[in-house]
> 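One structure is given below, represented as structure tokens, and several questions about it will come after.
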Protein chains: 2
Amino acid sequence: MTSADAPTRTLAHPDPEAAAALLEAGIDEGALCTLFGRCRVAYDGRASSTLGPGDRHVMLKPDGAALVHTDEGQQPVNWQPPGCDHAVWVDDGDLVVESERETPDEELAITFERIDHAAAFDVTDATELSLSGTEEDLRERILDEPDLVEPSFTPLATERSTAAGAVDIYGEDADGRTVVVELKRRRVGPDAVGQLDRYVEALTRDLHDDADVRGILVAPSVTDRARELLAQKGLEFVALEPPET
Amino acid sequence: MTSADAPTRTLAHPDPEAAAALLEAGIDEGALCTLFGRCRVAYDGRASSTLGPGDRHVMLKPDGAALVHTDEGQQPVNWQPPGCDHAVWVDDGDLVVESERETPDEELAITFERIDHAAAFDVTDATELSLSGTEEDLRERILDEPDLVEPSFTPLATERSTAAGAVDIYGEDADGRTVVVELKRRRVGPDAVGQLDRYVEALTRDLHDDADVRGILVAPSVTDRARELLAQKGLEFVALEPPET
DNA sequence: AGTTGCATCTCGAGC
DNA sequence: GCTCGAGGTGCAACT
């Protein structure tokens, strides 16, 4: 492991200048950089926020993302999306990390009054995540075995576009009636009913032949309120989960 | 800074046993722990996923959250929510980090074949984020100055409950007609129209006096499709943003 | 514990 | 670039 590769560089309790040098080099080289220490954070863009002094972990990604994590929560307390430009400097003895973008105009500024740790990691990761149990898996399950929706259900198209958007599965029932199927990988609430209702209304309008269009919500389960809404709208529910594999 | 405090402990290129010892101690003491190195990841719970070998940054929080970050994206490629139990051991020469919870039963397993860096940070952060530009700010703006919705609009309640859920602002117009206002802090699409429509229908039903209920969507702007849906449903739109401060 | 809706949601696909 | 909907969404408030 030669220093020319310099795959990982760390500094314990660096002064602001040393930390800034490490970060600048790391950002320049496409490294993933981290900081830990006591800092204040200010954000302004789609909204605005300020955060007083506290110990936090900061990550700067080579794609321009920035993350500020406290000791709690899965979500960062402050962040900046990929595509931002990171900049670092020393202001009045404090290390300042700024990450900004345009469209929308957003800026995140982190001011460290104490730096416990700084690091730059060379990172390569071409591997893609393999995920199962998604809505797409549920769709494939139904296309494989349409009777799971109801006997003699016939899928005719997926992602069929309507004036209200694309419906998950478009098909017809044993009597030749048009059926709109909306899929959800998990238990559904009122929003999913509204979505299905929009599609059914749009399709009824599109077909303009007064033939009633059936709407079926397919999900593992429904909340009470969603079930009431379904009844009100004359829509149906079929309990079905994505396959386990 | 004494070793009894041990506020920050780091290891460069530790062997699996040393890393495991650091992590175990850090988890035990409520420290925020990080790892960087080449690893594989497997998740099983609400869905299932696998991720082949690659360089990633792993964070274990004292509240039980776990985050696996690659070089790209704001979101972790794998994670575990707060409330999980972290466990660490060495298996066949590899460091294994596992984080699991029940309700729902979920498990995340990270296997390191190379460890570049391990750290444990003592972290305290009582500071709360101050955020502005939210939907609540928009609501307060309207309650302060109801004419922003329309002249002589009178708010009567916020979060008024209906059979379809709580409406943002419930009030009446200059003619005494019931008005339902749905607020959005940013540009709205079809989903927001569906939401407003649900509330208007529920309230019309609740009041059961055939007095028509007006529905007004208040947001910075609307998409074309949402505008069409509003027209179809006989709902209205008022352009208004959250205050800048 | 379950439900509901907001979020600086993020992210990807389609247009 | 915008739009739309999925997401292992997370998250807080409320029941």
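Naming: A, B, ... by sequence-line order, numbering from 1 per chain.
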> Taking the six-membered ring for Trp, are A:His57 and A:Phe36 parallel (under 30°), tilted (30 to 60°) or perpendicular (over 60°)?
tilted
> List in chain and number order the residues that pass ring-ring contact (aromatic ring centres under 6.0 Å, His included) with A:Tyr199, two or more places apart in sequence or in another chain; answer none if no residue qualifies.
none
> Is there any salt bridge (Lys or Arg N to Asp or Glu O under 4.0 Å) pair reaching into residues 229-244 of chain B, and which pairs are they, with sequence neighbours excluded?
A:Glu201-B:Lys233, B:Asp197-B:Lys233, B:Arg214-B:Glu236
> Are any side-chain N or O atoms of B:Arg227 and backbone N or O atoms of B:Val222, one a donor and one an acceptor, separated by less than 3.5 Å?
no
> Could you tell me how far apart B:Leu131 (CG) and C:dC6 (P) are, to the nearest whole angstrom?
15 Å
> Got a sec, which pairs hit salt bridge (Lys or Arg N to Asp or Glu O under 4.0 Å) with one end in residues 127-139 of chain B, sequence neighbours left out?
B:Arg139-B:Glu159
> The test is salt bridge (Lys or Arg N to Asp or Glu O under 4.0 Å); show your working for B:Asp71 and A:Lys61 and say whether it passes.
CA-CA 6 Å; B:Asp71 58 333; A:Lys61 290 196 179 188; over 6 Å; no
> Which part of the nucleic acid does B:Asn78 contact within heavy-atom distance under 4.0 Å: base, sugar-phosphate only, or nothing?
base
> For the C1' atoms, the ones on C:dC9 and on C:dG5, what distance do you get once it is rounded to whole angstrom?
13 Å
> Using atom P of each nucleotide, how far apart are D:dG7 and C:dA7 to the nearest Å?
22 Å
> For B:Glu136, answer base if it contacts any base atom (sugar-phosphate contacts may also be present), sugar-phosphate if it contacts only those atoms, and nothing otherwise; contact means non-hydrogen atoms under 4.0 Å.
nothing
> At less than 3.5 Å, do the side-chain atoms of A:Asp44 and the base atoms of C:dT8 form a donor-acceptor pair?
no
> Taking the nucleotide of DNA chain D with the closest heavy atom to each, which residue, B:Gly189 or A:Thr103, is nearer the 5' end?
A:Thr103
> Over all strands shown, is B:Ala65 touching base, sugar-phosphate only, or nothing at heavy-atom distances under 4.0 angstrom?
nothing
> Could you tell me whether the side chain of A:Glu100 and the main chain of A:Leu108 form a donor-acceptor pair under 3.5 Å?
no
> When you check the side-chain N and O atoms of B:Ser221 and B:Arg187, is any donor under 3.5 Å from an acceptor?
yes
> Judged by modelled atom types alone, do B:Asp91 and B:Thr111 share a side-chain donor-acceptor pair under 3.5 Å?
no
> Near DNA chain C, which residues from residues 220-228 of chain A have a heavy atom under 4.0 Å away?
A:Thr223, A:Arg225
> Looking for any heavy atom pair under 4.0 Å, which part of the strands does B:Thr134 touch: base, sugar-phosphate only, or nothing?
sugar-phosphate
> Taking any atom under 4.0 angstrom from a heavy atom of chain A, which nucleotides of DNA chain D are the first and last to qualify, 5' to 3'?
D:dG1 to D:dC11
> Scan B:Ala192 against the nucleic acid and name what it touches under 4.0 Å (heavy atoms): base, sugar-phosphate only, or nothing.
nothing
> So what does B:Glu182 hit on the nucleic acid, given a heavy-atom distance under 4.0 Å: a base, only sugar-phosphate, or nothing?
sugar-phosphate
> Heavy atoms only, 4.0 Å cut-off, all strands: where does A:Glu159 land among base, sugar-phosphate and nothing?
nothing
> I'd like to know if the side chain of A:Arg56 reaches the main chain of A:Cys39, judged simply by a donor and an acceptor atom lying under 3.5 Å from each other, with no hydrogens or angles considered.
yes
> What residue among B:Ile216, B:Thr134, B:Ile142, B:Val188 forms side-chain contact (heavy atoms from CB on, under 4.5 Å) with B:Leu183?
B:Ile142
> Distance check: side-chain N/O of B:Tyr199 vs OP1/OP2 of C:dT4, anything under 4.0 Å?
no
> Just by distance, no angles: are the side chains of B:Ser49 and B:Asn78 close enough, under 3.5 Å, to form a donor-acceptor pair?
yes
> By the 4.0 Å heavy-atom rule, please label B:Gln80 as base, sugar-phosphate, or nothing.
base
> Heavy atoms from C-beta onward define the side chain here; which of C:dT8, C:dC6, C:dG2 lies closest to that of A:Arg187?
C:dG2
> Check the side chains of A:Gln80 and A:Tyr43 for a donor-acceptor pair under 3.5 angstrom, ignoring hydrogens and angles.
no
> Between D:dC11 and C:dC11, how far apart are the P atoms? Round to whole Å, please.
15 Å
> Considering just the side-chain nitrogens and oxygens of B:Arg198, establish if one lies under 4.0 Å of OP1 or OP2 belonging to C:dG5.
yes
> Whole-Å distance between C:dG5 P and A:Asp191 CG?
7 Å
> Assign a letter to each nucleotide of nucleotides 9-15 of chain C from its 5' end: B, base within under 4.0 Å of a protein heavy atom; S, sugar-phosphate only; -, no contact.
SSS----
